[in-house]
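Just so it is clear, the structure is predicted and the values come from calculations on it, not from any experiment.
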Amino acid sequence: MIWTEELWPLVIQIYLKKPLGIKPLYSRDIVNLALELHIPPQIIHRKLSLLRRNPTPTLKRMMEAYEKKPQWLKKACQATRQIQGLGTAGELFRDVEIKETFELDFRPVNAATAMMMGRPLYTPVMLIMLLNLYFCLVPQTMVAETPEVKELASLLEIEPKDVVDILEIYQYCDPFINTPESLMDPMLPPCHKIWEKYSDDIEKLSALAEQLKYYWLL
């Protein structure tokens with residue numbers, strides 16, 4: 001979907017949500033709106049920045065009106081969604097082929113096998129967070145009792161054993177770890193894909209994980 005001026009109420013709603021102002025790039029509100037609009041979070045984040053740094057006179061008036069009358073903003077957002085054809089009843093994307101890019105990072109990679117194997121639904125962004133933890137630990141500390149494991153499990157709303165599960169799979173991706181045998185696990189391909197994409201630049205991975213954590217914090 002291409003950005004249009006009619007979408008401003010949806011962004012203003014995020015801006016006016018307490019705490020007032022620009023929200024972190026991967027905060028849940030920004031990501032959810034990005035998924036809804038099929039517009040990358042970076043674009044929505046830039047629009048939020050514009051509201052604070054250089055809003056047009058029209059946008060200033062809109063924000064002032066909506067801040068005084070929150071019910072107007074709620075109605076404007078509802079009307080925008082109806083006009084744009086968003087939501088389950090929308091017509092905008094019917095018969096239109098959508099080439100998803102960033103959206104896939106927030107979709108489960110193991111939906112078909114999660115219940116059968118007693119696992120949570122893992123998304124690529126979760127696997128990124130888990131890979132970042134992998135590089136902060138050594139194999140001997142990749143256990144459920146390790147504080148960092150417990151902390152990340154709490155953030156991702158999964159069990160420590162689920163964190164350990166993925167950390168152990170990453171060991172099979174690591175060329176510096178001698179694993180005893182090959183692994184037949186449906187999570188190995190998605191983990192290997194994340195490994196191939198991010199393991200060569202640990203600093204970049206760490207910076208991305210620091211940004212992504214706000215998806216669960218906010």
Check ring pair (Phe, Tyr, Trp, His ring centres under 6.0 Å) between W72 and all other residues, then give those that pass, not counting sequence neighbours.
none
P186 side chain near R119 side chain, heavy-atom distance below 4.5 Å
yes
Less than 4.5 Å apart, side chain to side chain, heavy atoms only: is that true for K47 and W3?
yes
Yes or no on side chain to side chain donor-acceptor pair (under 3.5 Å) for T4 and E6, after CA distance, side-chain angles and deciding distance?
CA-CA 5 Å; T4 64; E6 289 77 14; 3.2 Å; yes
May I have all residue pairs that pass ring-ring contact (aromatic ring centres under 6.0 Å, His included) and include part of residues 196-218, sequence neighbours excluded?
F106-Y215
With a 4.5 Å heavy-atom cut-off, do I30 and L48 have their side chains touching?
yes
Consider only side-chain heavy atoms of I, L, V, M, F, W and Y, link residues closer than 4.5 Å, and tell whether M116 and L188 are in one cluster.
no
Other residues, nucleotides and ligands only: do more than 12 of their heavy atoms fall within 6.0 Å of CD on E203?
no
Side-chain (T141) to main-chain (V138) donor-acceptor, under 3.5 angstrom:
yes
Membership question, hydrophobic clusters at under 4.5 Å side-chain separation (ILVMFWY): are I83 and V11 in the same one?
no
Over all atoms of both residues, closest heavy-atom pair of L20 and E67:
CD2-OE2, 4.2 Å
Which atom pairs, donor and acceptor, lie under 3.5 Å between side-chain atoms of residues 107-115 and protein residues at least two apart or in another chain?
from	atom 1	to	atom 2	distance (Å)
R107	NH1	E100	OE1	2.8
R107	NH1	E100	OE2	2.8
R107	NH2	E100	OE2	3.1
N110	OD1	Y122	N	2.8
N110	ND2	P120	O	2.9

Is there a side-chain contact (heavy atoms from CB on, under 4.5 Å) between V149 and L167 once you walk through the steps?
CA-CA 10 Å; V149 170; L167 295 179; 4.2 Å; yes
T80 (side chain) donor-acceptor with A76 (main chain) under 3.5 angstrom
yes
For atom CD of E151, decide whether the heavy atoms of other residues, nucleotides or ligands shown that lie under 6.0 angstrom number more than 12.
no
Give the cluster check for Y172 versus M117: same hydrophobic cluster or not, with ILVMFWY residues linked at side-chain heavy-atom distances below 4.5 Å.
no
Is K74 close to Q78 at the side-chain level, that is, under 4.5 Å between some pair of heavy atoms?
yes
Does K23 use its side chain to pair, donor to acceptor, with the backbone of Y15 at less than 3.5 Å?
yes
Trace of the side-chain contact (heavy atoms from CB on, under 4.5 Å) decision for L156 with L130:
CA-CA 10 Å; L156 301 183; L130 291 161; 4.2 Å; yes
Atom of A153, atom of E159 and distance for their closest heavy-atom approach
CB-C, 3.8 Å
Provide the closest heavy-atom pair for P9 versus L73 in the form atom of the first, atom of the second, distance.
O-CD1, 3.6 Å
side-chain contact (heavy atoms from CB on, under 4.5 Å) for Q13 and L33? Distances and angles first, verdict last.
CA-CA 11 Å; Q13 188 176 52; L33 182 58; over 6 Å; no
Search all heavy atoms of A209 against all heavy atoms of M129 and return the closest pair with its distance.
O-SD, 3.5 Å
Rounded to the nearest 0.5 Å, how far does CD1 of I22 lie from CZ of R52?
3.5 Å
Side-chain touch R81/L10, heavy atoms, less than 4.5 angstrom:
yes
Are the side chains of W195 and P175 in touch, meaning some heavy atoms are under 4.5 Å apart?
yes
Could you go through the salt bridge (Lys or Arg N to Asp or Glu O under 4.0 Å) check for D29 and K17 one step at a time?
CA-CA 10 Å; D29 286 331; K17 185 176 180 179; 2.8 Å; yes
Is the shortest side-chain heavy-atom distance between L7 and I39 below 4.5 Å?
yes
Heavy-atom nearest pair, D201 first then K204, reads OD1-N, 3.1 Å
Cluster question for you: counting only ILVMFWY and a side-chain heavy-atom cut-off of under 4.5 Å, with indirect links fine, are Y170 and V143 together?
no
Do M187 and I177 belong to the same hydrophobic cluster, where Ile, Leu, Val, Met, Phe, Trp and Tyr are linked whenever their side-chain heavy atoms lie under 4.5 Å apart, directly or via other members?
yes
Heavy atoms of L133 and E148 approach each other most closely as CD1-CB, 3.8 Å
Does some side-chain heavy atom of V31 sit less than 4.5 Å from a side-chain heavy atom of F102?
no
Show your working on side-chain contact (heavy atoms from CB on, under 4.5 Å) between Y134 and Q171 and close with a plain yes or no.
CA-CA 9 Å; Y134 179 88; Q171 292 183 35; 3.7 Å; yes
